[in-house]
Amino acid sequence: MEPRGMKKWRPFATMPEQYIGLKKIINKQAEVAQPVLTEEQMEQINFTLIEALHTNKQVYLTYYKKGQCITETGFIQFVDSLGNLFIFIDYVFELKNKMRLSELIDVRLS
């Protein structure tokens, strides 16, 4: 007699829409609301951004994107407070990322 192995699970793999729907539901449950920053926190973020820009120090950025808080490491290349944006160079892949200042949650010097 031959063992069935993984053949017995094949009927369940015929509904990929179900897996897509379940993944969406799980991701929706993991979402968090964007934190609201106080004036002091925004001033501290601006000060840290300017310091990192002038000293070319590495920073830890925490920002909000699509329901998640993401932390990355890199360098600040440009800050435009009037245009509400900044350019961040990722430490790992050295890619330029243009982000809004309103998406920032926390900035720390490393």
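Given the structure is predicted, the values throughout are model-derived calculations rather than measurements.
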Worksheet entry | Backbone N/O of A33 and side chain of Y64: donor-acceptor pair under 3.5 Å | no
Worksheet item: Is Q68 reaching over with its side chain to a backbone N or O of K65, donor-acceptor style, under 3.5 angstrom?
Response: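 Looks like no, no N/O pair under 3.5 Å.
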Same apolar cluster (I L V M F W Y, side chains within < 4.5 Å links), [X]/[Y]:
X: I89; Y: I70; result: no
X: I105; Y: M42; result: no
X: M99; Y: L109; result: yes

Worksheet item: Other hydrophobic cluster members with I20, side-chain heavy atoms of Ile/Leu/Val/Met/Phe/Trp/Tyr under 4.5 Å, chained?
Response: none
Response to the item:
Under a side-chain separation threshold of 4.5 Å, the hydrophobic residues clustered together with F93 are V92, L95
Practice prompt. Could I get the full list of side chain to side chain donor-acceptor pair (under 3.5 Å) partners for Q44, not counting sequence neighbours?
Written response: T48
Can you find a pair of side-chain heavy atoms, one from [X] and one from [Y], that are under 4.5 Å apart?
X: I87; Y: N97; result: no
X: N27; Y: E31; result: no
X: L104; Y: L61; result: yes
X: C69; Y: V32; result: yes

Fill in: Value rounded to 0.5 Å, distance of CG in N84 from OG in S102
4.5 Å
Fill in: Spacing of I50 atom CD1 and F86 atom CZ [to the nearest 0.5 Å]
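With rounding to 0.5 Å, CD1 (I50) is 11.5 Å from CZ (F86).
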Discussion item. Filter on salt bridge (charged side-chain N to carboxylate O under 4.0 Å, His left out), then keep only pairs touching residues 86-105, sequence neighbours left out; what's left?
Written reply: none
Worksheet item: What is the minimum heavy-atom distance between S110 and V59, and which atoms define it?
Response: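 That would be OG-N, 4.2 Å.
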Worksheet item: Who are the side-chain contact (heavy atoms from CB on, under 4.5 Å) partners of V36, not counting sequence neighbours?
Response: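 Residues passing side-chain contact (heavy atoms from CB on, under 4.5 Å) with V36: none at all.
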Worksheet entry | Contact list for residues 51-60, test side chain to side chain donor-acceptor pair (under 3.5 Å), sequence neighbours left out |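 For residues 51-60, and leaving out neighbouring residues, there are no side chain to side chain donor-acceptor pair (under 3.5 Å) pairs at all.
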Please report, to 0.1 Å, the donor-acceptor pairs under 3.5 Å made by any side chain of residues 71-80, with sequence neighbours excluded.
{"residue": "T71", "atom": "OG1", "partner": "T62", "partner atom": "OG1", "Å": "3.2"}
{"residue": "E72", "atom": "OE2", "partner": "Y63", "partner atom": "OH", "Å": "2.6"}
{"residue": "D80", "atom": "OD1", "partner": "L82", "partner atom": "N", "Å": "3.4"}
{"residue": "D80", "atom": "OD1", "partner": "G83", "partner atom": "N", "Å": "3.2"}
{"residue": "D80", "atom": "OD2", "partner": "G83", "partner atom": "N", "Å": "3.4"}

